[in-house]
> 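Structure below; questions to follow.
Since the structure is predicted, the reported quantities are computational estimates derived from the model, not experimental observations. Letters go in sequence order (proteins before strands), and every chain restarts at 1. What you see below is based on every heavy atom in this structure, not just the backbone, and it leaves out hydrogens, waters and symmetry mates.
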Amino acid sequence: MLQIQLLRENPQEVIDRLKIKNFDATELVAEIRELDSENRNLKKKIDDNLMAQNQGAKKIGQLFKEGKRDEAEALKAEMATLKESERTDRAKLQEQEELLQSKMVLLPNLPNAAVKPGKGAEDNEIVYKQGDDSNLPEGALPHWELVKKYDIIDFELGTKITGAGFPVYKGKGARLQRALIDFFLDEATAAGFVEIQPPYMVNEDSAYGTGQLPDKEGQMYHCQVDNFYLIPTAEVPVTNIYRDVILKESDFPLKNCAYSACFRREAGSYGKDVRGLNRLHQFDKIEIVTIEHPDRSYETLEQMTNHGKMLLTKLGLPFRVLRLCGGDISFTSALTYDLEVYSKAQQKWLEVSSVSNFESYQANRLKLRYKDATGKTKLAHTLNGSALALPRVLAALLENNQTEKGIVIPEVLRPYTRFDIID
RNA sequence: GGAGAGAUGGCCGAGUGGUCGAAGGCGCGCGCCUGGAGAGCGCGUAAGCGCCAAAAGCGCUUCAUGGGUUCGAAUCCCAUUCUCUCCGCCA
């Protein structure tokens with residue numbers, strides 16, 4: 001959520017910058033400003049009323065002590081009137097504040113100046129590219145064929161047990177999955193991210209804190225009996241560690257990493273984009289999260305992106321880095337880099353990481369703040385990224401490393417898999 | 001799941017209707033003292049919001065959360081959540 005001060009002081013800037021995200025905020029900003037000023041007036045009225053009541057209450061106490069019963073009773077009657085108007089004003093204020101809040105969450109985060117305008121994915125800038133993206137020889141198989149051939153992932157079995165999009169990993173497939181998790185966590189730890197094992201279900205407050213609620217409710221699995229949500233990413237529980245926290249400047253940067261299973265309903269997806277491991281309802285991911293001082297958050301964004309690049313380099317996978325354009329960047333992000341691996345058999349780029357700086361947008365909802373040198377309380381910046389999402393890494397790895405003898409395991413993973421080849 | 005006890009500031013802890021944003025202690029910050037440190041002494045130490053161009057200042061809210069009683073609630077009543085103890089169940 002944006003800070004309301006920004007709309008009070010600089011509404012035009014908000015409108016202009018949101019145009020980059022193809023978002024016309026003109027009307028919404030006007031409505032919000034109107035509501036905000038109404039609410040402040042009302043608040044003032046209520047505060048004054050309360051002051052009168054507080055003073056009256058003190059006076060009544062005194063009058064009773066002095067034995068002036070009649071005066072006290074008269075004043076009591078007055079209080080009743082004040083109370084009555086307080087009641088109506090308060091009800092109105094609450095209603096209007098909810099309305100204001102519901103409008104505020106409709107405003108996306110402002111994009112960073114580096115974000116270029118654009119319609120959608122086709123306008124993203126390729127800022128880096130590495131590795132061999134030539135095609136495989138004749139007869140190369142897509143991963144959904146390979147996993148059958150070597151019996152390492154069973155999609156039909158998952159459908160039987162649960163439903164589509166819940167694959168079952170078997171034998172060397174399961175082991176490879178576990179190896180990747182372990183490898184990614186070790187690398188993140190080496191880079192200074194403190195490992196967290198978070199809950200896989202969160203309450204409403206947490207889902208709201210990171211912005212899954214209220215707008216993306218349909219994307220999450222919901223346990224209605226207990227009103228918990230299955231996490232769509234470890235970002236949700238990990239970032240919520242810092243909900244309602246006031247940090248010291250010396251606490252920065254706070255770096256966490258976490259492995260978790262991720263659950264996404266992804267309603268409405270179909271077709272060949274969702275084939276095999278490309279898109280699942282349950283998948284594994286290692287997430288990195290940084291809470292940073294506003295002055296350093298963009299430096300940190302680069303570092304986090306570099307961490308993802310390093311992982312893909314070590315795995316020997318061809319990849320590219322995109323800086324998302326205004327049309328493709330998420331609602332809550334100020335600047336996002338996507339990392340995509342090249343899947344040779346599908347001849348397709350697959351997103352395996354998305355690294356974003358949310359600046360203070362998320363922190364504002366989370367009430368994640370710090371005290372600066374002068375003792376003022378300010379909003380911190382939050383960043384997160386995948387390091388990395390497993391299924392698509394696995395897909396590319398299987399496809400790109402297939403040989404006549406079998407699937408060759410990258411050198412760096414062998415200490416974890418304790419085998420060199422899937423055959 | 002059953003029975004009971006409890007929830008107060010960064011922490012511990014007092015407080016059963018007005019003088020309580022809240023004693024006392026710890027911690028923390030600043031100052032004095034010291035060659036330096038410690039001890040000691042003194043002062044200070046929550047957040048949110050509003051008024052104000054801003055600072056100062058003033059006002060409002062907050063003692064788990066939500067409602068209620070009352071002129072007035074940390075204090076009384078109701079509901080919810082959470083924590084602890086005992087019992088049950090359980091990896």
Side-chain angles (χ1 to χ4, degrees), chain A residues 1-11 32-101 103-104 197 199-209 213 223-229 237 240-252 254 261 291 360 362-380:
Chain A
M1 197 163 61
L2 292 175
Q3 289 178 269
I4 189 105
Q5 285 97 309
L6 202 55
L7 302 199
R8 287 180 194 158
E9 289 159 16
N10 237 331
I32 289 171
R33 283 169 55 90
E34 171 76 25
L35 258 176
D36 178 48
S37 92
E38 268 178 44
N39 286 1
R40 280 148 83 194
N41 290 338
L42 195 52
K43 180 96 199 314
K44 175 93 174 97
K45 192 179 164 206
I46 293 171
D47 280 0
D48 289 346
N49 181 327
L50 286 171
M51 176 170 60
Q53 288 192 54
N54 286 341
Q55 286 171 353
K58 265 185 203 151
K59 190 86 181 286
I60 289 169
Q62 224 165 6
L63 289 173
F64 271 121
K65 225 175 257 175
E66 293 165 8
K68 301 176 180 165
R69 301 210 63 153
D70 294 349
E71 276 183 57
E73 290 300 337
L75 203 47
K76 266 185 165 185
E78 242 176 85
M79 293 298 106
T81 328
L82 284 175
K83 188 106 200 160
E84 192 47 46
S85 83
E86 183 208 329
R87 249 183 242 272
T88 38
D89 287 345
R90 211 187 257 285
K92 175 136 193 243
L93 182 64
Q94 196 188 337
E95 193 183 301
Q96 297 219 122
E97 266 176 352
E98 275 164 24
L99 186 63
L100 178 63
Q101 183 74 3
K103 303 242 183 220
M104 280 300 289
Q197 277 199 26
Y200 288 1
M201 291 190 191
V202 294
N203 59 28
E204 258 186 322
D205 286 347
S206 294
Y208 183 82
L213 291 180
C223 299
Q224 305 200 358
V225 182
D226 299 291
N227 200 20
F228 292 151
Y229 293 88
N240 270 286
I241 292 173
Y242 306 102
R243 170 153 50 89
D244 255 313
V245 165
I246 298 179
L247 301 164
K248 298 192 287 273
E249 266 191 323
S250 59
D251 291 334
F252 293 121
L254 284 163
I291 314 297
S360 61
Q362 222 173 29
N364 194 25
R365 274 206 198 183
L366 287 165
K367 297 201 178 68
L368 165 51
R369 295 159 295 179
Y370 69 99
K371 273 196 202 293
D372 73 4
T374 66
K376 272 202 141 191
T377 318
K378 291 183 172 164
L379 293 172

> Between A/Asn203 (CG) and B/C82 (C1'), how many Å, whole number?
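Rounded to the whole Å, the gap is 12 Å.
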> For the OG atom of A/Ser360 and the CG atom of A/Leu366, what is their distance to the nearest 0.5 Å?
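Between atom OG of A/Ser360 and atom CG of A/Leu366 there are 11.0 Å.
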> Rounded to the nearest 0.5 Å, what's the gap from CG on A/Asn41 to CG on A/Asp89? Could you check?
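Nearest 0.5 Å value for the CG-CG distance: 11.5 Å.
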> Whether A/Arg8 contacts B/G50 is assessed here as follows: a side-chain N or O lying under 4.0 Å from the phosphate OP1 or OP2. Is that the case?
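Affirmative; the distance criterion is met.
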> Given atom CD of A/Gln55 and atom C1' of B/G18, what is their separation to the nearest angstrom?
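These atoms are roughly 15 Å apart.
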> For A/Leu379 and B/A47, give me the distance from atom CG to atom C1', rounded to whole Å.
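Going from CG in A/Leu379 over to C1' in B/A47 covers 14 Å.
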> Write down the distance between NZ (A/Lys58) and C1' (B/U70), rounded to a whole number of angstrom.
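The distance from NZ of A/Lys58 to C1' of B/U70 comes to 17 Å, rounded to the nearest Å.
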> Of the options B/U69, B/G48, B/C60, whose atoms approach the side-chain atoms of A/Thr377 most closely?
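Taking heavy atoms from C-beta onward, the closest nucleotide is B/G48.
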> Kindly point out which of B/G50, B/G59, B/G48 is positioned nearest to the side chain of A/Arg369?
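So the nucleotide nearest the side chain must be B/G48.
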> What is the distance from atom CG of A/Asn49 to atom CG of A/Asn54, rounded to the nearest 0.5 Å?
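Reported to 0.5 Å precision, the distance equals 9.5 Å.
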> At a heavy-atom distance below 4.0 Å, what parts of residues 33-48 of chain A sit against RNA chain B?
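The stretch gives A/Arg40, A/Lys43, A/Lys44, A/Asp47 as the residues lying under 4.0 Å from the strand, ordered by number.
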> Mind calculating the distance between CD1 (A/Ile246) and C1' (B/G9) to the nearest angstrom?
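Spelled out: CD1 on A/Ile246 to C1' on B/G9 is 12 Å.
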> OP1 or OP2 of B/G72 less than 4.0 angstrom from a side-chain nitrogen or oxygen of A/Asn54, does that happen here?
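Checking A/Asn54 against B/G72: no side-chain N or O falls below 4.0 Å of OP1 or OP2.
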> Side chain of A/Leu50 only, heavy atoms from C-beta on: which candidate in B/U69, B/C60, B/C71 is closest?
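The answer is B/C60.
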> Both distances under 3.5 Å, Watson-Crick or G-U wobble: report the partner of B/G9, or none.
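Here B/G9 is not engaged in any pair, so there is no nucleotide opposite it.
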> Between B/U81 atom C1' and A/Asp205 atom CG, what is the distance in whole Å?
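From A/Asp205 CG to B/U81 C1': 11 Å.
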> Within a reach of under 6.0 Å around CD of A/Glu249, are more than 12 heavy atoms found that belong to other residues, nucleotides or ligands?
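Count over threshold, so yes.
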> Please report the interatomic distance CD(A/Glu86) to CG(A/Asp48), rounded to the nearest 0.5 Å.
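One gets 12.0 Å once the value is rounded to the nearest 0.5 Å.
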> So how far is it from A/Leu35 CG to A/Met104 CE, rounded to the nearest 0.5 Å?
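With rounding to 0.5 Å, CG (A/Leu35) is 11.0 Å from CE (A/Met104).
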> Using whole Å, what does the distance between atom P of nucleotide B/A73 and atom NZ of A/Lys83 come to?
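Taking NZ of A/Lys83 and P of B/A73, I get 7 Å after rounding.
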